[in-house]
Visitor: 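Sharing a structure with you now.
Here the structure is a predicted model, which is why all the values come from computation and not from measurement. Numbers here simply count residues along the sequence, with the first being 1.
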Amino acid sequence: MANDVAKLSFWGVRGSTPTVDRAVLRYGGNTPCLELITPEGGRLILDCGTGLRILGNRLAAATDNAIDAEILVTHYHWDHIQGIPFFAPLYSAQNKFHFYSFRSEFLGQQSLKRVFEAQMAHPYFPVNLQAMSAVLDFTDVAGGDCFCIGKTRVRTCWLNHPQGCLGYRIETSVGTIVYATDNEPGDLEYERNLRRLAEGADIFVNDAQYTPEQLERHRGWGHSSWREGVRIAEAAGVRNLVLFHHDPDSSDKTVDGILRDAREEFVNTWAAAEGMVMTLGKDQTDVVIPATRNGLRREAHFRARVMGFTQQGRAFEEDTVIRDLSLHGALIYLEHSPKLQSELQVMMENPGDGDHKERLALRGYVVRIEPGPEKDQVGVGIVFTE
């Protein structure tokens, strides 16, 4: 059924290897996988990292109907294919999946099918490809190709990454999404191709595994930094830049710092987070970030002063009362609406007993915005970062 929006969901955002650690819970530790629902209702899946398993479980639980999807794979490194054997819909005969990727010089024709067979061969996996009863089609594409999936137009280009990698430009009736993970700056031809691919994009998802300083120590590894993403975004007239493929050793606080640095140069920058949904309409792009697991919450009544910046970039300072508190975060109600993934300074009454009510200086990170109980209020979910 046709709609007037395209919905881009992030199921895996980590690079190189899955990461399970308390320090990365907010952004997530699964490797790359995105899902795009087009205005016509088509489903495109971008890459098959471990986030694909989570997506597959959701799809299997949500419907008994056949699942039909187009899957665009950027390249064959482990972090972009390792979710394939664990994608539950592949084991149901009623489902159909059409895969697109490039012909590798190391694998030859239908390279992706050979990757399937190799990673599920004995002794690496208990069942082989024959256990996947879904209908599987494979199409070889190359950099510079253009093809249509329904009413959606897809264009590709080569990215600067060891053993090859494709970037995808996906043009829908409501706007354009560009997915360009795993690219290293420094080669002028590749950079021109990437700039053309990103030209005028509403959403530009770009590799930002390293800080600029780390990038200089990892030349030849095939990854980029936030600063290079900002440079391309500015040159290409991009509307929203999404920092993606977070390093496995980058904690949530590290990514917070990377995002803060990037936003100082390009305001409409986002850091990809598992569960994040970007809804692209003809007039605007809305961003929703899931509630963070904050543990047990309890009602509270602590006066606080909150300082931050509105969605329009204006500084504000406001007194409020925190009524919903946990060890790691809070829900507060404000008259000002801050930007998602922005920082707030929270000066809060010390919740301890005693006559001396000292104020705690906390730093909060905005993970949710919802309507407040009063007409001119918003509910702001924050995670305490320090």
Visitor: Should side-chain heavy atoms under 4.5 Å link Ile, Leu, Val, Met, Phe, Trp and Tyr, which residues sit in the same cluster as Tyr210?
Guide: Leu215, Trp221
Visitor: Taking the six-membered ring for Trp, are Tyr179 and Phe244 closer than 6.0 Å centroid to centroid?
Guide: yes
Visitor: If you group Ile, Leu, Val, Met, Phe, Trp and Tyr by side-chain heavy-atom gaps below 4.5 Å, do Val135 and Met120 land in one group?
Guide: no
Visitor: Given side chains that start at C-beta, do those of Cys146 and Arg153 come closer than 4.5 Å, heavy atoms only?
Guide: yes
Visitor: Identify the heavy atoms of Ser173 and Lys282 that sit nearest to each other, and give their distance.
Guide: O-CE, 4.0 Å
Visitor: A side-chain contact here means heavy atoms from C-beta on lying under 4.5 Å apart; do Phe106 and Gln163 qualify?
Guide: yes
Visitor: As a quick check of understanding, evaluate side-chain hydrogen bond (donor to acceptor under 3.5 Å, both in side chains) for Gln82 and Thr31, giving each step before the final call.
Guide: CA-CA 8 Å; Gln82 60 197 157; Thr31 52; 3.0 Å; yes
Visitor: Are more than 12 heavy atoms, taken from residues, nucleotides or ligands other than Asp64, located less than 6.0 Å from that residue's CG atom?
Guide: no
Visitor: Are any non-hydrogen side-chain atoms of Ile149 and His98 less than 4.5 angstrom apart?
Guide: no
Visitor: So His75 and His80, would you call those rings parallel, tilted or perpendicular, with 30° and 60° as cut-offs?
Guide: tilted
Visitor: Taking atom OH of Tyr27 and atom CG of Leu243, what is their separation to the nearest 0.5 Å?
Guide: 9.0 Å
Visitor: Test Leu52 against every option in Asp47, Leu34, Ile45 by the side-chain contact (heavy atoms from CB on, under 4.5 Å) rule and name the one that passes.
Guide: Ile45
Visitor: If I take atom CE from residue Met278 and atom CD1 from residue Ile289, how far apart are they, to the nearest 0.5 angstrom?
Guide: 9.0 Å
Visitor: Does NZ or CZ of Arg155 fall inside the cone over Tyr168's six-membered ring, less than 6.0 Å from its centre and within 45° of the axis?
Guide: no
Visitor: Give the C-alpha distance, both sets of side-chain angles, the deciding distance and a yes or no for side-chain contact (heavy atoms from CB on, under 4.5 Å) between Gln109 and Arg103.
Guide: CA-CA 6 Å; Gln109 190 172 4; Arg103 183 182 300 188; 3.8 Å; yes
Visitor: For Thr310 and Arg314, indicate whether the former's side chain and the latter's backbone hold a donor-acceptor pair under 3.5 Å.
Guide: yes
Visitor: As a quick check of understanding, evaluate side-chain hydrogen bond (donor to acceptor under 3.5 Å, both in side chains) for Glu274 and Trp11, giving each step before the final call.
Guide: CA-CA 5 Å; Glu274 282 183 31; Trp11 297 96; over 6 Å; no
Visitor: With the side chain counted from C-beta on, respond yes when Glu184 and His218 share a heavy-atom pair under 4.5 Å apart, and no when they do not.
Guide: no
Visitor: Start with the C-alpha distance between Asn65 and Ile67, add both sets of side-chain angles, then the distance that settles side-chain contact (heavy atoms from CB on, under 4.5 Å), and finish with yes or no.
Guide: CA-CA 6 Å; Asn65 298 326; Ile67 300 167; over 6 Å; no
Visitor: Atom CZ of residue position Arg53 - does it have more than 12 heavy atoms of other residues, nucleotides or ligands inside 6.0 Å?
Guide: no
Visitor: Assess whether side-chain hydrogen bond (donor to acceptor under 3.5 Å, both in side chains) is satisfied between Gln214 and Ser225, documenting all intermediate values.
Guide: CA-CA 8 Å; Gln214 289 171 332; Ser225 73; over 6 Å; no
Visitor: Give a yes or no on whether a salt bridge exists between Arg305 and Glu318, defined as a side-chain N under 4.0 angstrom from a carboxylate O.
Guide: no
Visitor: Roughly how far, to the nearest 0.5 Å, is the CD1 atom of Ile177 from the CG atom of Leu44?
Guide: 9.0 Å
Visitor: Taking Val127 as the starting point, is it possible to reach Ile81 by hopping between hydrophobic residues whose side chains are less than 4.5 Å apart?
Guide: yes
Visitor: Could you check whether any side-chain heavy atom of Asn268 comes within less than 4.5 Å of a side-chain heavy atom of Leu241, counting everything from C-beta outward?
Guide: no
Visitor: Is it true that Asp256 and Arg26 have a side-chain N and a carboxylate O under 4.0 angstrom from each other?
Guide: yes
Visitor: Hey, does Val287 have a side-chain heavy atom less than 4.5 Å from the side chain of Trp270?
Guide: yes
Visitor: If hydrophobic clusters are built from ILVMFWY residues whose side chains come within less than 4.5 Å, do Val288 and Ile203 share one?
Guide: no
Visitor: Taking the side chain as every heavy atom from C-beta outward, state whether Tyr76 and Ser104 have any pair of such atoms under 4.5 Å apart.
Guide: yes
Visitor: Is there a donor-acceptor pair under 3.5 Å between the side chain of Glu199 and the backbone N or O of Gly237?
Guide: no
Visitor: Less than 6.0 Å separating the ring centroids of Tyr100 and Phe138?
Guide: no
Visitor: Are side-chain N/O atoms of Ser16 and Gln209 paired as donor and acceptor at under 3.5 Å?
Guide: yes
Visitor: Out of curiosity, Leu8 CG to Asn240 CG, how far, rounded to the nearest 0.5 Å?
Guide: 11.0 Å
